Amino acid sequence: MGTLELCFTRAKFQRELKQLKCNVEEFLKKTLLWLLGQISLLLGDRDSRTQAILKRLEYTQIASNDQLCRRIAVAKQVAVLVKTKASMVSGETPDNTALSASQDALLALLGYQDMGMIDESISDAYEGTCQWIFDKNSVGERCDGFLEWIVNPNSRLYRIGGREGTGKSTAMKHIWRSQRINRDLLEEWVPQSASKLCCAAFFFGSRSKLMTSKSGFLRAILYQILAQRPDLMPVLFPGQYRFLCLSHQLDEAFQAGYDLVPTVEELHVAMLLATSEMVGRAKRLRMFILIDGLDDCDGNSDDIANLINDMAASEYVKLVVSSREDGAFATDFSSCPRTILQETNAKDIKHFVFGELKACGMEDNESQELSEEIYKKSEGSFRWAARTIKSLQRPVSKETILQQLRTTPGLLYERRLEEIQTQHRADACRLLRLMMTQAEFQRVYFPEIEDLEPITLLELSLADMNLDISVARNVKVKAMMDGWIKVRCESVRGRLESKCPEFIYILDDSAAISATKVIQTRDLTVRFSQPMIFDYFLQNKDKLNHPQVTIKPRLLLFNSVVFRLKTMDKIESRTVLWDIAMKALLYAHYLEGDVKEVDESCKYMELLKELDGSIQQHHINLLRGNDDEWVPKTYLLNNMIKSDKGWESQRHAAMHWSNFHPTFKQSIAYESSFLAVAVQFGLTNFVSQQLQRWKPYATWMVMRGRPLLDYALNPMPGVRGHLVTSELVQLLLSYGARPNWYFGGVTTWESALKWLHLYLVNTDKSAKPSTDESMKIVTARLKIFALLLQSSWKRSLCSIRMQNLDLCDLLERLGKYFEGTINPDLDIVRGSMSAPQVKSE
C-alpha cells in the first residue's frame with residue numbers, strides 16, 4: 001500500500017470513528033432526556049425539590065460520554081425512587097421476616113472503621129468555656145447569635161470559622177455533646193408532631209482516608225440517618241434494599257457477584273432526598289446535622305459547598321459546619337450566620353489561663369494581668385495559649401512568667417522540632433527552609449501585602465526534588481505529565497502532614513479557581529499554621545540548619561520556577577506569561593546575593609538562559625493557533641478584508657519576547673533583548689558575565705537600540721525601582737554607557753529624572769515616605785545620580801529644563817524624604833544645581 005493510499009485510508013478511518021462517537025453521544029443524550037422526561041411526568045409540579053435534582057442531571061456542559069453514562073445511572077435511580085414515593089407516603093414496609101436482616105446488611109454496606117467518630121485528639125472544652133454558644137449577649141459584628149439561629153425557621157446553615165488552632169473542633173464537639181442542644185434548643189425548633197434526628201461528621205484528626213473523602217463523608221451521615229430511621233432505607237437506596245430483602249444476607253450478594261456499595265453519585269442523590277422537603281413532610285422529620293473540618297475533606301470544595309447549600313435549602317434541616325477563615329468555604333458560606341473564633345474567643349482564652357494559673361497558686365490580680373498578656377501574645381490561638389501554659393516552669397511567679405513569655409514562642413517551636421523523630425528531622429528542616437525562603441522572598445519584594453501568599457504544593461514539590469540543572473535544561477517546552485507530578489505532590493503532602501504538622505497546614509484555595517475545574521493536588525497551598533512561626537524562624541534561621549541538609553533554597557526555588565515554565569501547558573495570555581516571567585526574574589534577583597561559589601554561579605547563569613529560551617518558546621506558541629499554524633492578521637485593502645497568512649506572526653516570532661509587553665508598547669527601534677531585561681531587574685552578575693564574554697562588542701551591545709543605561713534608569717511598568725544598584729550602573733559606564741545619549745528625542749538623564757519625579761508624585765503627594773520600599777527606591781536613585789554627577793563627563797542638572805518637570809519641585813520632594821537627616825548623595829545632587837555645564841558627548 002502506497003503512502004498516499006495509506007493516508008487516505010487513515011483519514012477515512014478517523015472520519016468513521018468520529019461519526020461513531022457522535023452517534024454514541026447522541027444516543028446517550030436521547031436516553032438521558034427520555035429518562036428525565038418520564039420522571040417529570042411522574043412528578044408533575046408536586047415536588048419542586050426533586051425537580052431541582054433533575055435540573056442538575058441535564059446534559060448541558062458535559063465534556064465526555066462517561067459523564068453522560070454516570071448521569072443516566074443516577075436518573076435511573078431517581079426514577080425508581082419516584083415510583084416508590086406512593087408506597088413511602090402510605091408507610092408500606094418490606095416483609096417483617098426480612099426486615100431486620102436487610103437493614104443490618106444495608107448499614108454494613110455504608111459503614112466503615114472510624115466512621116464519623118469524634119477523634120480523641122479533639123480536646124474537650126475547658127470548664128466554663130464555649131458559653132458564647134448559648135449566650136445571647138455574645139452577638140456582635142463577628143458573632144451571629146447561635147440561639148437565635150437555631151429557632152429561626154428561615155435560617156438553616158450556621159458556620160463556625162477561625163484560623164488554625166482557635167478551637168473550632170473543640171467548639172463543635174461541645175455543641176454535639178451538649179445536653180442543652182438535644183434537650184431544650186432543638187425542641188423549640190421541632191414541632192410536637194414531628195421527630196428529630198441528629199448526626200455528625202468530624203473530618204479534623206480523622207485517621208481514615210475514606211473519612212476525608214466525599215464518599216466517606218456521605219456514608220457516615222447516611223449511616224447515622226438510617227440507623228435512627230430504618231424506614232427511610234427503601235426511599236434512599238431502593239435498589240440495594242430490595243435486593244437485600246430478597247437475599248436476606250449481604251454475603252449472598254457478594255457471592256453472586258453484585259457490587260451493592262453505593263457510588264458517589266448514588267450517595268449524593270440519597271443525601272439530597274434524605275434532606276428534601278418531600279421526606280421531611282412525609283415522615284414528619286427534622287434533621288440537625290453537624291460537620292466539622294470541611295477544609296480537611298479531599299476533593300472539589302465547590303462540589304461539597306454546593307451539596308451543603310442544597311441540603312440547607314430544606315426547611316426541615318439545620319446544618320452547623322466549621323471551616324478555616326482563610327479557606328475556600330469561608331467564601332462559599334459568606335452570607336450565612338457565623339462566628340469567627342479568633343475574634344470572639346478572648347473571654348475563653350483568658351478564663352482558661354486564669355484558671356490554670358490559679359491552680360498553680362497565683363493570686364487573682366496577678367493571674368488576671370498575666371491572662372491578658374498571654375491572650376495578646378496568642379493572637380486568638382487557643383492551642384498556642386494552652387501550650388504556653390504547659391511549657392511554663394514550676395513554681396510559677398509573675399516575674400518568671402513575663403520573662404518566659406518573651407522566649408516562649410521560641411521554646412515552643414524548638415520543642416516541636418525536638419519532638420520530631422530523629423530520622424525525620426532533616427526532611428522536616430528541608431521542607432521548612434524552602435517554605436521560609438519563599439515567604440522571605442515575598443517580604444522582600446512584596447512588602448505591601450500584609451498576609452503572606454502561600455506556596456503551592458506544586459512549587460514546593462519541584463523545589464524539593466533538588467533537580468540537577470541539566471534536567472531542567474534538557475526538558476523541552478511541553479505539557480507536564482499529570483501522573484508524574486501528581487505522585488510528586490502526593491509524596492510531599494504526606495511528608496508535610498506526617499513530619500511537621502505542627503508548623504504547617506495544607507489549604508484548598510479553590511475559591512479563586514473556576515467552578516468547572518476539578519481541584520487537584522497541585523492546586524493545594526501550604527501555609528504556616530501561625531504567623532509567629534515565620535517571624536521566629538526569620539530571626540533564628542540557624543534552628544533549621546541540619547548536618548544532612550546542604551541545600552541552597554534560593555537556587556532550588558528559582559530552578560523550580562524555570563522547570564515549571566518549561567513543562568506547563570500552553571499559555572493563552574501574554575499577560576499571564578509576563579506575570580510568570582517577572583516572578584522568575586525576581587527570584588533571580590533574590591538569588592544574586594546568594595551566588596558565591598563558581599559552580600553555583602554557573603548553574604545560575606545556565607538557568608537564566610533556560611528561562612529566556614522557555615519564555616521565547618511560549619512567546620512563539622502564542623503566535624500559533626491550535627492547529628500549530630501561524631495566526632493570520634487581517635487588514636483592510638480597497639474596502640476588502642485581506643489576510644497576511646501569518647506573515648506578521650512569523651516576523652514577531654523572530655523577535656525577542658521582551659519587545660511585546662502586554663501594556664507598555666515598544667517600537668521596533670527599542671530592539672529589546674534578555675540583556676535589557678536583566679539590566680532592569682538588577683542582575684549584575686549575569687550582565688557582567690555577558691559583557692565580559694562579548695567584550696569586543698560590549699560597547700555596541702550597551703548602545704544598541706535603546707541604551708542599556710536608559711533601561712536601568714527608566715524601567716518598564718511593573719519593575720521595582722530599587723532593583724538597579726549603583727554597582728550595575730558603574731558596570732555599564734565602564735563598558736561605554738553615557739547618560740547623555742539620546743533615545744526618542746530625550747537623554748537618559750532626562751528620562752531618569754522624569755521617572756523619579758513621576759514616582760514621587762504618584763507615591764505620595766505630600767512626598768512623605770510611607771513604606772520602606774519608597775525609601776529604598778529614593779536612596780538607590782540618589783546614589784546613582786551622585787555617581788553620574790561625579791563622573792568627568794557629567795551634565796549639570798541646572799541645564800536641564802524639561803517639559804512637565806519642575807526640577808526645584810523634585811529636589812523639594814527629595815528633601816522631605818530625608819528631613820532631619822543628612823544624605824551626602826542628596827547634597828551632591830543639590831550642589832550640581834549651581835555647577836557649570838559640561839557639554840554632552
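Keep in mind that what you see is a predicted model, and the values were worked out from it rather than measured.
For the residue pair N621 and Q617, a side-chain donor N or O sits within less than 3.5 Å of a side-chain acceptor on the partner. Between the side chains of Q666 and N659, no donor-acceptor pair of N or O atoms lies under 3.5 Å. In this structure, a donor-acceptor pair under 3.5 Å is present between the side chains of Q692 and Y735.
Looking at every heavy atom in both residues, Y445 comes nearest to L723 through CE2-CD2, 3.7 Å. A581 and I615 make their closest contact through CB-CD1, 3.4 Å (heavy atoms, listed as atom of the first residue, atom of the second, distance). Between L683 and A588, the shortest heavy-atom distance links the atoms CD2-C, 3.8 Å. Residue H619 comes nearest to L577 through the heavy atom pair N-CD2, 4.1 Å, listed as atom of the first residue, atom of the second, then distance. Nearest approach of L728 to G682, heavy atoms of both residues: CD2-CA, 3.8 Å. Heavy atoms only, all atoms of each residue included: V746 and S751 are closest at CG2-OG, 3.4 Å.
Side chains of W749 and L789 form a contact here, defined as non-hydrogen atoms less than 4.5 Å apart. Contact check for P553 versus L434: side-chain heavy atoms found under the 4.5 Å cut-off.
At least one donor-acceptor pair under 3.5 Å links the side chain of Q616 to the backbone N or O of M655. A distance-only check finds no donor-acceptor pair linking the side chain of E453 to the backbone of Q442 [under 3.5 Å]. The backbone N or O of A786 lies less than 3.5 Å from no partner atom in the side chain of D825, so there is not a single donor-acceptor pair. Between the side chain of E459 and the backbone N or O of S560, no donor-acceptor pair lies under 3.5 Å. With R554 contributing its side chain and E592 its backbone, the two residues share no donor-acceptor pair below 3.5 Å. Looking only at distances, a side-chain donor or acceptor of W578 sits under 3.5 Å from a matching main-chain atom of F660. No side-chain donor-acceptor contact under 3.5 Å links S688 to the backbone of N685. The closest donor-acceptor contact from the side chain of R493 to the backbone of L457 lies at 3.5 Å or more, if one exists at all.
With sequence neighbours left out, T779 forms a side chain to side chain contact (heavy atoms under 4.5 Å, CB included) with M775, F818. For V631, the side chain to side chain contact (heavy atoms under 4.5 Å, CB included) partners at least two apart in sequence or on another chain are S649. Among residues two or more places apart in sequence or in another chain, the side chain to side chain donor-acceptor pair (under 3.5 Å) test is passed with S672 by S658. When the salt bridge (Lys or Arg N to Asp or Glu O under 4.0 Å) test is applied to K645, no partner is found at least two apart in sequence or on another chain.
Aromatic ring centres of W647 and W630: separated by at least 6.0 Å.
The residue from F534, Y590, F558 that alone fulfils the ring pair (Phe, Tyr, Trp, His ring centres under 6.0 Å) condition with F441 is Y590.
Residue pairs meeting the salt bridge (Lys or Arg N to Asp or Glu O under 4.0 Å) criterion with at least one partner in residues 700-714, sequence neighbours excluded, are E671-R704, R706-D710. Residue pairs meeting the salt bridge (Lys or Arg N to Asp or Glu O under 4.0 Å) criterion with at least one partner in residues 651-665, sequence neighbours excluded, do not occur; the list is empty.
The distance from the NZ atom of K541 to the CD atom of E440 is 3.5 Å, given to the nearest 0.5 Å. Of the inter-residue distances, the one linking D535 atom CG with R443 atom CZ reads 5.5 Å to the nearest 0.5 angstrom.
Ring geometry for F743 versus Y670: interplanar angle over 60°, hence perpendicular rather than tilted (30 to 60°).
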